Amino acid sequence: MIVVTGATGNVGQPLVRALVTAGEQVTAVSRGISARDMPPGVRHHQADLAEPAGLAPALAGADALFLLTSGDFVSAGGSVSGVLDVARAGGIRRVVLLSSQGVATGSHPATLEDAVTQSDLEWTLLRPGGFDSNTLQWADMVRTQRVVRAPFGDVALPTIDPADIAEVAAVTLLDGGHVGGAYELTGPAPISPRQQTMAIAEVLGEPVRYVEQSRAEARAQMLRFMPEPVVEATLDILGMPKATEQRVSPDVERILGRPPRTFTEWAARNIAAFK
């Protein structure tokens with residue numbers, strides 16, 4: 001049995017499907033009262049990781065945990081060590097943590113990773129860069145105005161399809177050969193917001209105009225749904241990335257045996273959100 005936290009999100013949903021396809025029993029954990037689009041046979045458990053004791057019933061019979069923490073978890077002072085204590089007590093032996101590329105490059109603190117690597121559990125760290133799905137925040141603008149407003153229009157980063165993250169997570173959960181590994185996960189090539197806008201327009205078959213925001217405008221918008229320290233760190237990466245944050249990692253292809261998907265492929269699968 002494998003427990004997947006954040007199971008209704010952009011990574012969690014395809015991860016659950018991948019594990020079920022592989023024949024695994026899965027318990028899907030989310031904060032919501034119901035799990036949407038879950039395959040038949042998947043057990044759903046409602047829990048908030050900021051209150052780790054609520055996770056305990058989901059762990060019965062499980063030996064591996066996919067751990068995804070949210071910005072809300074961080075801002076609420078959530079304790080990864082507390083989650084791991086509950087996991088260990090419930091019989092979990094192995095944990096795969098969804099971290100961030102920024103930890104490897106020094107742009108984000110290593111607090112979450114340290115709690116995992118300093119535990120007595122078997123562990124694997126996944127460090128993705130920016131998600132292709134972050135552009136879903138543009139969906140309403142594109143639908144109603146055929147415009148994208150975003151900062152740093154010509155700064156390119158190798159964003160990654162969340163489905164690729166999910167496939168890597170499935171492999172590392174199922175294959176003990178990845179214990180102790182730390183993998184940076186990126187897309188196949190750097191792409192800028194302006195280029196992403198052009199890709200969405202191409203898939204739509206209609207023009208979409210790009211309008212560059214200032215950092216201050218972007219900051220005000222992001223503060224509506226992200227903690228301030230996360231906003232500042234994110235804007236630093238988006239606007240002034242280090243060379244290591246613009247570098248394409250080979251880890252997705254090494255683990256999956258194929259190149260990572262392009263942004264255009266992601267846009268084509270998700271274009272209904274922009275129509």
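This is a predicted model, so every value here is computed, not measured. Note: hydrogens, waters and symmetry copies are ignored here, and every other heavy atom, side chains too, is used. Just so you know, residue 1 is the first one in the sequence shown, and it goes up from there.
Salt bridge present: Asp161 and Arg269 bring a charged side-chain N and a carboxylate O closer than 4.0 Å. A salt bridge does not link Arg149 with Glu212: none of the charged nitrogens is closer than 4.0 Å to a carboxylate oxygen. A salt bridge is absent between Asp132 and Arg261; no separation between the charged side-chain nitrogens and carboxylate oxygens falls under 4.0 Å.
Asp175 places no side-chain N or O within 3.5 Å of a backbone atom of Val171 that could act as its donor or acceptor partner. Remark: the backbone N or O of Thr172 is not paired with any side-chain donor or acceptor of Thr124 at under 3.5 angstrom. Remark: side-chain polar atoms of Gln101 are not paired, donor with acceptor, to backbone N or O of Arg127 under 3.5 angstrom. No donor-acceptor pair under 3.5 Å is formed between the side chain of Tyr210 and the backbone N or O of Val147. The backbone N or O of Ala156 sits less than 3.5 Å from a side-chain atom of Gln246, completing a donor-acceptor pair. Here the side chain of Arg94 pairs a donor or acceptor atom with the backbone of Leu173 at under 3.5 angstrom. Remark: the backbone N or O of Ala218 is not paired with any side-chain donor or acceptor of Gln221 at under 3.5 angstrom. In terms of modelled atom types and a separation under 3.5 Å, the side chain of Thr105 and the main chain of Glu245 share no donor-acceptor contact. Side-chain atoms of Thr186 do not come within 3.5 Å of backbone N or O of Gly129 as any donor-acceptor pair. Between the Gln137 side chain and the Asn134 main chain, a donor and an acceptor come within less than 3.5 Å of each other.
The distance from atom CG of Leu84 to atom CD of Gln118, rounded to the nearest 0.5 Å, is 11.0 Å. To the nearest 0.5 Å, the span separating CG on Leu126 from NE2 on His178 amounts to 10.0 Å. Annotation: the span from Ser192 atom OG to Phe152 atom CZ amounts to 13.0 Å, rounded to 0.5 Å. Taken from CD in Glu184 to CG in Asp251, the straight-line distance is 7.0 Å, to the nearest 0.5 Å. Atoms CG and CG, on Leu121 and Leu97 in that order, are 11.5 Å from each other to the nearest 0.5 Å.
The side chain to side chain contact (heavy atoms under 4.5 Å, CB included) test applied to Asp236 returns Arg215, Met240, not counting sequence neighbours.
Atom CD of Gln25 has 12 or fewer heavy atoms from other residues, nucleotides or ligands within 6.0 Å. Summarising the local packing, CZ of Arg143 is surrounded by more than 12 heavy atoms from other residues, nucleotides or ligands at distances under 6.0 Å. Annotation: Met1, atom CE; neighbour count of heavy atoms from other residues, nucleotides and ligands within 6.0 Å is above 12.
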- Glu206 and Arg146: CA distance, side-chain angles, deciding distance, salt bridge (Lys or Arg N to Asp or Glu O under 4.0 Å) verdict: CA-CA 8 Å; Glu206 297 183 26; Arg146 291 295 189 256; 3.0 Å; yes
- Message: Could you walk me through whether Leu174 and Ile2 satisfy the side chain to side chain contact (heavy atoms under 4.5 Å, CB included) test, starting with their C-alpha distance in whole Å, then the side-chain angles of each, then the deciding distance to 0.1 Å, before giving a yes or no?
- Response: CA-CA 9 Å; Leu174 295 170; Ile2 296 175; 4.0 Å; yes
- side chain to side chain contact (heavy atoms under 4.5 Å, CB included) between Val231 and Leu235, worked out: CA-CA 6 Å; Val231 169; Leu235 288 170; 3.8 Å; yes
- Task: Please test Phe66 against Val95 for side chain to side chain contact (heavy atoms under 4.5 Å, CB included), starting from the C-alpha separation and ending with a verdict.
- Result: CA-CA 6 Å; Phe66 177 71; Val95 59; over 6 Å; no
- Message: Please determine whether side chain to side chain contact (heavy atoms under 4.5 Å, CB included) holds for the pair Thr135 and Phe274, giving the CA-CA distance in whole Å, both sets of side-chain angles, and the decisive distance to 0.1 Å.
- Response: CA-CA 10 Å; Thr135 59; Phe274 298 93; 4.2 Å; yes
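Follow the hydrophobic side-chain contacts under 4.5 Å out from Val11 and you never reach Val103; the two are in separate clusters.
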Got a list of side-chain donor-acceptor pairs under 3.5 Å for residues 51-64, not counting sequence neighbours?
from  : atom 1 : to    : atom 2 : distance (Å)
Asp63 : OD2    : Arg93 : NH2    : 3.3

